[in-house]
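Accompanying notes for the structure given below.
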Amino acid sequence: MGNTHASLDDILAEDMHHWYNKFMRESPSGLITLFELKSILGLQGMNEDANSYVDQVFFTFDMDGDGYIDFVEYIAAISLMLKGEINQKLKWYFKLFDQDGNGKIDKDELETIFTAIQDITRNRDILPEEVVALIFEKIDVEGEGELTLEEFIEGAKDHPDIMDMLKKLMDLTPVLVIIVEGRQKPINKILRGT
């Protein structure tokens, strides 16, 4: 890919044969386990919240719940992250945030996820507490302290500032670049803060 990073469109435009070969190189069994995903991305030795976030991402992508990500789930996940419609992405974000699976997200769940993301990316431009306070101030109009999927989607779509923050916080481009380029060093440097 030369010295420049490919655009997200370029990444997706690569033919399926290339994606399949890359997938099979990373996981010859045709299935990626949670441990293998962490190894591919160089994500060992994370704090508990960051580790929990990666686990949640894995289980969100493991669409059939069998404990593995197969090639179809792999491509679907990458396509969603790169090309998914806003409703699809918001549903994915919601599923990721809803750690206890009760169909609602609360402040603690959101703050835990945002903190974990920042632990992985080292991008601390926005304080998680501020994002959570803004989301609940603007979206949780009834003051219940939790949001349903519908409230989350409609609220995020109605507030461009919230959408922008979610896009910045949930930007998985660096992870995709590692997957596409097959490099582990950049994420290790990020994790070590060097």
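Source: prediction; values computed, not measured.
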Sub-4.5 Å side-chain heavy-atom contact between [X] and [Y]:
| X | Y | answer |
| --- | --- | --- |
| L34 | Y68 | no |
| D140 | E146 | no |
| K157 | I153 | yes |
| D106 | L147 | no |
| I69 | L31 | no |

- Message: Run the side-chain contact (heavy atoms from CB on, under 4.5 Å) test on V132 and E129 for me, step by step, so that the C-alpha distance in whole Å, both residues' side-chain angles and the decisive distance to 0.1 Å come before the verdict.
- Response: CA-CA 5 Å; V132 171; E129 307 83 43; 5.9 Å; no
To the nearest 0.5 Å, how far apart are [atom1] in [X] and [atom2] in [Y]?
| X | Y | atom1 | atom2 | result |
| --- | --- | --- | --- | --- |
| D55 | T60 | CG | OG1 | 10.5 Å |
| I105 | T112 | CD1 | OG1 | 12.0 Å |
| K95 | F59 | NZ | CZ | 11.5 Å |
| Y74 | M63 | OH | CE | 13.0 Å |

- Any donor-acceptor pair under 3.5 Å linking the side chain of E111 with the backbone of D108? no
- Message: Closer than 3.5 angstrom, by distance alone: can the side chain of E154 be matched with the main-chain N or O of E151 as a donor-acceptor pair?
- Response: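 Side chain of E154 to backbone of E151: no pair is present.
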- Task: Before accepting this row, confirm whether a basic side-chain N of the pair D161/K138 lies closer than 4.0 Å to the acidic partner's carboxylate O.
- Result: yes
Compare every heavy atom of [Y] with every heavy atom of [X], then report the nearest pair and how far apart it is.
| X | Y | answer |
| --- | --- | --- |
| F136 | L110 | CE1-CD1, 3.5 Å |
| K104 | D98 | O-OD1, 3.0 Å |
| S27 | I32 | CB-CG1, 3.6 Å |

- Item | Single-linkage hydrophobic cluster, 4.5 Å side-chain cutoff, M24 and F71 together | yes
- Within 6.0 Å of NZ in K91, more than 12 heavy atoms from elsewhere: no
